[in-house]
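Ligands are counted one by one from 1 in listed order, and the atoms in each one are counted from 1 as well.
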Amino acid sequence: MSVEKFAFIGLGRMGYPMAGHLRTAGHQVTVFDIFEETVDRWVAEHGGQAASSPREAAAGASIVFTSLPADAHLRTAAYGDDGIFAGLETGAVWVDHTTASVVVSRELAEAATNQGAGFLDAPVSGGVQGAVNGGLTIMVGGADESVTRALPFIELYASLATHLGPSGAGQLTKMANQICVVGLCQALAEGLDFAESAGLDVAQVISVMLKGSSTSWQMENRAETMLAGEYDFGFATPLMQKDIALCMEAAREMAVPLPITSMVGQFLADVERMGGQGWDWSSLMERQRSHRSG
Ligand code: NAD
């Protein structure tokens, strides 16, 4: 694989290790984040280049990667004199790993096409652990030629990267994923609370359930921390609320009912009121447990 010049914008819980994998594979990586100290820390650790704006990062890059919180941050990074489009090269591909709306994905894809560049919506699943281990599942939407160009590099931090259709197909698949997982985490909180309230040895209960029909990624990776009341990591509750809002909006347009997804969204608002803004969203467990203190 020849050495390429990449840009990576958004060095958060996910982006920081993902950009690191591109560097470890020997590519030139220029990074930008609104938090300068994060950029400095990344460059000190990985030895890439720091940019002072999205435009400067994108200039000269064959592929621009983004991993930002949501639609608004994407548009801020995209447009204006210092935005990505001001630096995006003809023939380059922008790979966006943000979990965002279909509307913004298609808007950015159209703007990139008008500039002679490509755009892929490529949201991820697998958590911070997946980003650190290079084992993410990545759902890709966009044109064939952009996928062919970018996939070998996306695979540097993915165990599975799948092209699911045209622009927006990656985001719609991620929404299906989130719809499937939200009720599951709430059910896990209820099951653990039930077992604990019954005076069972919950660690033993979990080890049995992991071999039974209720086993899941959530149970394997989150049951222990939920039990311990540890949430200072992972996927913050406001980000999951944002994902649920995206699902609700897309479902409304198709008249698809999502009663459980909607309810868990309300539960997460309760968690935030309890002080859980920065907690991993498995803190649904704290809301569930609160009946015991009340
Ligand atoms: P995060 O909040 O930790 O990171 C986002 C980064 O973007 C921050 O470093 C922030 O400073 C930076 N940023 C914000 N606006 C910017 C701008 N205009 N220009 C440049 N940088 C800007 O979020 P995260 O947990 O890394 O998640 C990133 C995306 O991945 C989100 O869309 C999230 O829904 C999705 N995701 C997260 C997880 C997870 O477990 N954390 C899992 C799957 C998907």
Note: ligand 1 atoms sitting under 4.0 Å from heavy atoms of Phe35 are 11 (O)
Discussion item. Below the 3.5 angstrom mark, is there an N/O of Ser125, backbone or side chain, next to an N/O of ligand 1?
Written reply: no
If you scan protein heavy atoms around atom 36 (N) of ligand 1, the nearest is Phe235 CE1, 3.9 Å
Margin query: With a 4.5 Å cut-off on side-chain heavy atoms, are Gln171 and Val104 touching?
Written below: no
Ranked by distance from atom 23 (O) of ligand 1, the top protein heavy atom is Leu239 CD1, 3.8 Å
Counting from 1 in the order shown, the ligand 1 atoms closer than 4.0 Å to a non-hydrogen atom of Lys174 are 43 (C), 44 (C)
- Query: Hey, does Asp33 have a side-chain heavy atom less than 4.5 Å from the side chain of Val31?
  - Reply: no
So, do Tyr79 and Leu108 sit near enough that their side-chain heavy atoms are less than 4.5 Å apart?
yes
Does any non-hydrogen side-chain atom of Lys174 lie less than 4.5 Å from one of Leu246?
-> no
Note to self: If we ignore hydrogens and angles and just use 3.5 Å, is the side chain of Asp193 paired with the main-chain N or O of Ala189 as donor and acceptor?
What the structure shows: no
Nearest non-hydrogen protein atom to atom 42 (C) of ligand 1, with distance, is Met14 CE, 3.8 Å
of all protein heavy atoms, closest to atom 28 (C) of ligand 1 is Ser67 OG, 3.6 Å
Should Gly127 be listed as contacting ligand 1, given a heavy-atom distance under 4.0 Å as the test?
yes
Ligand 1 atoms nearer than 4.0 angstrom to some heavy atom of Lys242 are 31 (C), 32 (O), 33 (C), 34 (O)
Under a 3.5 Å distance rule, please check whether Arg23 uses its side chain to pair with a backbone N or O of His27 as donor and acceptor.
yes
Residues 64-76 vs salt bridge (Lys or Arg N to Asp or Glu O under 4.0 Å), sequence neighbours excluded, gives Arg75-Glu107
The protein heavy atom nearest to atom 11 (O) of ligand 1 is Asp33 OD1, 2.7 Å
Atoms of ligand 1 under 4.0 Å from any heavy atom of Ile9, numbered from 1 in the order shown, are 20 (C)
Next on the checklist: Taking the six-membered ring for Trp, are Tyr157 and His97 closer than 6.0 Å centroid to centroid?
Outcome noted: yes
Of Gly126, Pro69, Pro238, the residue with the heavy atom nearest atom 5 (C) of ligand 1 is Pro69
For Trp279 and Phe233, I'd like to know if the aromatic rings sit close, meaning centre-to-centre distance below 6.0 Å. no
Taking only non-hydrogen atoms of Thr98 and a 4.0 Å limit, the atoms of ligand 1 in range are 32 (O)
Distance-only, no hydrogens or angles: does the Arg287 side chain make a donor-acceptor pair with backbone N or O of Leu268 under 3.5 Å? no
min-distance protein heavy atom vs atom 17 (C) of ligand 1 -> Ile34 CG2, 3.8 Å
* State, with a plain yes or no, whether a side-chain heavy atom of Glu286 is found less than 4.5 Å away from one of Asp270. => no
closest protein heavy atom to atom 3 (O) of ligand 1 is Arg13 N, 3.0 Å
- Would you say Thr66 and Leu74 make side-chain contact, with heavy atoms under 4.5 Å? yes
For Phe32, the atoms of ligand 1 under 4.0 Å from one of its heavy atoms are 19 (N), 20 (C)
For Leu68, the ligand 1 atoms with a heavy-atom partner under 4.0 Å come out as 7 (O), 13 (N), 16 (C), 20 (C), 21 (N), 22 (C), 28 (C), 29 (C), 31 (C), 32 (O)
Nearest heavy atom to atom 35 (C) of ligand 1, choosing from Thr99, Leu11, Asn177, belongs to Thr99
For atom 41 (N) of ligand 1, the closest protein heavy atom turns out to be Gly234 O, 3.5 Å
If we number the atoms of ligand 1 from 1 as shown, the ones under 4.0 Å from a heavy atom of Val124 are 43 (C), 44 (C)
